[in-house]
Amino acid sequence: MDLGNDPSLVQLALHQAQSTLRVNKEALALIHELAAAKAQGARPLKIYAMSNIAKEHMDIVQALPSFPWPVFDRIFTSFDAGMRKPDLSFYRHVIQETGCNPSTTLYLDDKSENICAGRLLGLRGEIVDPDQRTRAFNIVRNLLLDDASLRAERFLHMHAGKLDSVISMPGKDDIVLKDNFAQLMIWGLTGMEDIVYLTWPDGIITRGQEEADMMDTTSPTPISDASCSPSPAPSPPSSSTSPPSSPNPSLHQLEVKPTLWNYFTHSSPILTTTTFPPDIETTSIAYLTITPSHPNYHLLSPPSLIAEAMFAIRNKDGHFETYFSPDRHGRVSPEVCVSVLRCLNKFFSSGQIPDLPSLDVTDERIEPSKKLVADCLRYRANVYGNRFYPHPETFLYYLAMLCDECRDSSPRFCGELKGELEAALRERLNVPMNALALAMRVRAWQLLGLGRGFVQRDLESLLGMQEGDGGWPAGDFCSYGRVQKQRIGSRGWTTALVCRILRDWGM
């Protein structure tokens, strides 16, 4: 149909319109990274383009000065091939011409029907739409450039001393939270004391080994159970609110007051009461992390005194409570009990408390907590989480650490848990979760020594969450608050956890 328009004017209009096209900066940066990797010969990368485009349009696009076309080993177009995406014949043509192995080829596209076609022939297809672009580009970097671990370590070092936790609430900005708990976890996972900060039981604040070496080496002032130093908010209430039963001595009855660790650092507690006592979980993690060879270990109470203090705060059911305080009875959780069992196992296996039995031996002081943990696993009591630990991954990760650590010292106890723990983890595979919970799941799987192939999809999802600065989102692992659910997470802890996963798998 002749509309009376001059063809040259139509062509000019099309040219002017297409000349306004701009290359996506994020995509351009990735292409330059791939080009640099190819030039360095770090990996034998081959990069191809496959496009539905007319010859005239291709001529215009290839004239764009900002796009590095030479990086592509070959470009396949619909006008040359006489085929279009998502026709499978076009994909077969490209695979045959390039000789690529679909199982080791990553394919990006912005249309779901094209991804579907590529995956039908075995390609690893990833969508690149506006909502998924960053995730897809991170997958490219992690799979083809092998830099996920390096970028994560760089993030940890760049934010040394500032790896704060955050409190998130619906509809509100995150609130920075400075706590000992996440700092100890980061230190334990990475072995890098120089990137964390701590408030020790004697009130001295340190950031890293250098400042720890400068600490006052005089005897510390014990923190009593009436301390105003805070401890963790995540402390589920038990069904019992009765005081510890006889013959347990109360914390007040101990002849020597131990130095105990607190969840919060020197800063004031946030979104809770102004005073908090020390707690059993942070104390356990501290003694699991800080070794006797540390130059300031002598500032801490001896393990025998810590164990005595732990046994002194069991409730009438024999379970370890959370707080070293007579005013906070009834707060018991399986997660906290696992941390205490880990700590006691270390005291036994390292010989720090000679008369402390292994977890294989029946001991009335720890049997109730062992049974609580085993029953929670067996009956999936926390399959929906609980008030203070909203995701089952926290309990499964803690339990995997316990199994790993008592494999030699308490093989019978470990064996009784491992099979059921593996089954519980299999039930959780590929369930979408936030970054920290997902990292906990993958790490738990890894600690049990199970095959990486089963958890590959979870691992790839986790790698796809890595952010541009090399770190991972804070996620969350616990919550508190009756009216508003306040979730606690940590970018530093999540990133350190993923770093450890990648390192232990040689990635």
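Every value quoted in this text rests on a predicted model; they were computed, and no experiment measured them.
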Kindly determine whether Tyr107 and Leu121 satisfy side-chain contact (heavy atoms from CB on, under 4.5 Å), including the steps that lead there. CA-CA 11 Å; Tyr107 167 55; Leu121 294 181; over 6 Å; no
Rounded to the nearest 0.5 Å, what separation is found between the NZ atom of Lys418 and the CG atom of Leu402? 13.0 Å
Atom of Tyr197, atom of Gly161 and distance for their closest heavy-atom approach: CD2-O, 3.4 Å
Positive for side-chain contact (heavy atoms from CB on, under 4.5 Å) with Thr494, one of Leu436, Asn434, Ile186: Leu436
In chain order, what residues pass the salt bridge (Lys or Arg N to Asp or Glu O under 4.0 Å) check against Asp476, with sequence neighbours excluded? Arg487
Any donor and acceptor pair, going by atom type alone, linking the side chain of Trp261 with main-chain N or O of Ile285 inside 3.5 Å? no
Identify, with sequence neighbours excluded, every residue that meets side-chain hydrogen bond (donor to acceptor under 3.5 Å, both in side chains) alongside Asp375. Lys371, Arg378
Residue pair Ser103 / Asn101, side-chain donor-acceptor N/O under 3.5 Å: yes
Report the C-alpha separation of Asn114 and Phe90 in whole Å, then their side-chain angles, then the decisive distance to 0.1 Å, and conclude whether the side-chain contact (heavy atoms from CB on, under 4.5 Å) test is met. CA-CA 11 Å; Asn114 295 342; Phe90 195 7; over 6 Å; no
Partners of Ala54 by side-chain contact (heavy atoms from CB on, under 4.5 Å), sequence neighbours excluded? Glu56, His57
Are Arg342 and Tyr398 in a cation-pi setup, meaning NZ or CZ lies under 6.0 angstrom from the ring centre and within 45 degrees of the ring axis? no
Does some side-chain heavy atom of Met50 sit less than 4.5 Å from a side-chain heavy atom of Arg74? no
Min side-chain heavy-atom separation Val332-Leu372 under 4.5 Å: yes
Does the distance from a Lys or Arg side-chain N to an Asp or Glu carboxylate O, for Lys346 and Glu405, drop under 4.0 Å? no
Rounded distance [0.5 Å steps], OG1 in Thr394 versus CZ in Arg441: 11.5 Å
Give me each pair satisfying salt bridge (charged side-chain N to carboxylate O under 4.0 Å, His left out) with a member in residues 99-111, each pair once, sequence neighbours excluded. Lys85-Asp109
Report the residues that fulfil side-chain contact (heavy atoms from CB on, under 4.5 Å) with Leu450, sequence neighbours left out, ordered by chain and then residue number. Glu422, Trp445, Leu448
Taking salt bridge (Lys or Arg N to Asp or Glu O under 4.0 Å) as the test, write out the residues that go with Arg457, two or more places apart. none
Going through the distances and angles, do Asn382 and Glu335 end up as a side-chain contact (heavy atoms from CB on, under 4.5 Å)? CA-CA 10 Å; Asn382 67 346; Glu335 292 85 353; 4.2 Å; yes
Quick note, ring-ring contact (aromatic ring centres under 6.0 Å, His included) partners involving residues 156-179, not counting sequence neighbours, are Phe155-His159
Answer whether the closest heavy-atom distance between the side chains of Leu123 and Tyr91 falls below 4.5 Å. yes
Heavy atoms only: give me the nearest Gly385-Pro392 pair and the separation to one decimal. N-CD, 4.2 Å
Any salt bridge linking Arg124 with Glu460? Criterion: basic side-chain nitrogen under 4.0 Å from a carboxylate oxygen. yes
Residues Asn180 and Asn262: closest non-hydrogen pair is ND2-O, 3.0 Å
What verdict does the side-chain contact (heavy atoms from CB on, under 4.5 Å) test give for Trp187 and Leu198, after you've listed the backbone C-alpha separation in whole Å, the side-chain angles of each residue and the deciding distance to 0.1 Å? CA-CA 10 Å; Trp187 180 4; Leu198 290 170; 3.7 Å; yes
For Tyr397 and Phe477, I'd like to know if the aromatic rings sit close, meaning centre-to-centre distance below 6.0 Å. no
Among Arg491, Lys178, Gln183, exactly one meets side-chain hydrogen bond (donor to acceptor under 3.5 Å, both in side chains) together with Asp164. Which residue is that? Lys178
So which heavy atom on Met433 is nearest to which on Met465, and how close? O-CE, 3.5 Å
Before you tell me yes or no, could you show the steps for Asn345 and Ser409 under side chain to side chain donor-acceptor pair (under 3.5 Å), namely the whole-Å CA-CA distance, both residues' side-chain angles and the distance that decides it to 0.1 Å? CA-CA 8 Å; Asn345 175 70; Ser409 59; 2.7 Å; yes
State, with a plain yes or no, whether a side-chain heavy atom of Met401 is found less than 4.5 Å away from one of Leu288. no
Salt bridge (Lys or Arg N to Asp or Glu O under 4.0 Å) involving Arg407 - partner list, sequence neighbours excluded: Asp404
Surrounding CD of Glu113 (heavy atoms of other residues, nucleotides or ligands, distance under 6.0 Å), is the total greater than 12? yes
Could you give the distance from CE (Met440) to CZ (Arg428), rounded to the nearest 0.5 Å? 13.0 Å
Quick one: are Leu377 and Phe395 in side-chain contact, heavy atoms under 4.5 Å? yes
Look at the side chain of Arg84 and the backbone N and O of Asn52, then say whether any donor-acceptor pair between them is shorter than 3.5 Å. no
Carboxylate-amine/guanidinium contact Arg151 Glu467, below 4.0 Å: no
Mind checking the CG-OG1 spacing from Leu163 to Thr190? Nearest 0.5 Å is all I need. 9.0 Å
Residue pair Val61 / Trp69: nearest heavy atoms and the distance that separates them: CG1-CZ2, 3.4 Å
Among all residues two or more places apart in sequence or in another chain, which pass the side-chain contact (heavy atoms from CB on, under 4.5 Å) test with Ser369? His319, Phe320, Cys337
With side chains defined as the heavy atoms from C-beta onward, is the minimum distance between Phe454 and Leu425 less than 4.5 Å? no
Under 3.5 Å, is there a donor-acceptor pair between the side chain of Lys46 and the main chain of Asp73? no
What residues, two or more places apart in sequence or in another chain, satisfy side-chain contact (heavy atoms from CB on, under 4.5 Å) together with Thr98? Tyr48, Phe76, Val94, Cys100
How long is the straight-line distance from CG of Leu150 back to CZ of Arg154, given to the nearest 0.5 Å? 6.5 Å
Do Thr282 and Leu184 have side chains that approach each other closer than 4.5 Å (heavy atoms only, starting at C-beta)? yes
What distance separates Leu421 CG from Glu416 CD, expressed to the nearest 0.5 Å? 13.5 Å
Indicate every side-chain donor-acceptor pair of residues 498-507 with a distance under 3.5 Å to a residue at least two apart or in another chain.
{"unit_1": "Arg500", "atom_1": "NE", "unit_2": "Asp504", "atom_2": "OD1", "d": "3.3"}
{"unit_1": "Arg500", "atom_1": "NE", "unit_2": "Asp504", "atom_2": "OD2", "d": "3.1"}
{"unit_1": "Arg500", "atom_1": "NH1", "unit_2": "Leu189", "atom_2": "O", "d": "3.0"}
{"unit_1": "Asp504", "atom_1": "OD2", "unit_2": "Arg443", "atom_2": "NH1", "d": "2.8"}
{"unit_1": "Asp504", "atom_1": "OD2", "unit_2": "Arg443", "atom_2": "NH2", "d": "3.4"}

Under the rule for salt bridge (Lys or Arg N to Asp or Glu O under 4.0 Å), what residues qualify as partners of Arg92, not counting sequence neighbours? none
Just wondering, do Ile175 and Met169 contact through their side chains at under 4.5 Å, heavy atoms? yes
If you take all heavy atoms of Ser490 and Ser165, which pair is closest and at what distance? CB-OG, 3.7 Å
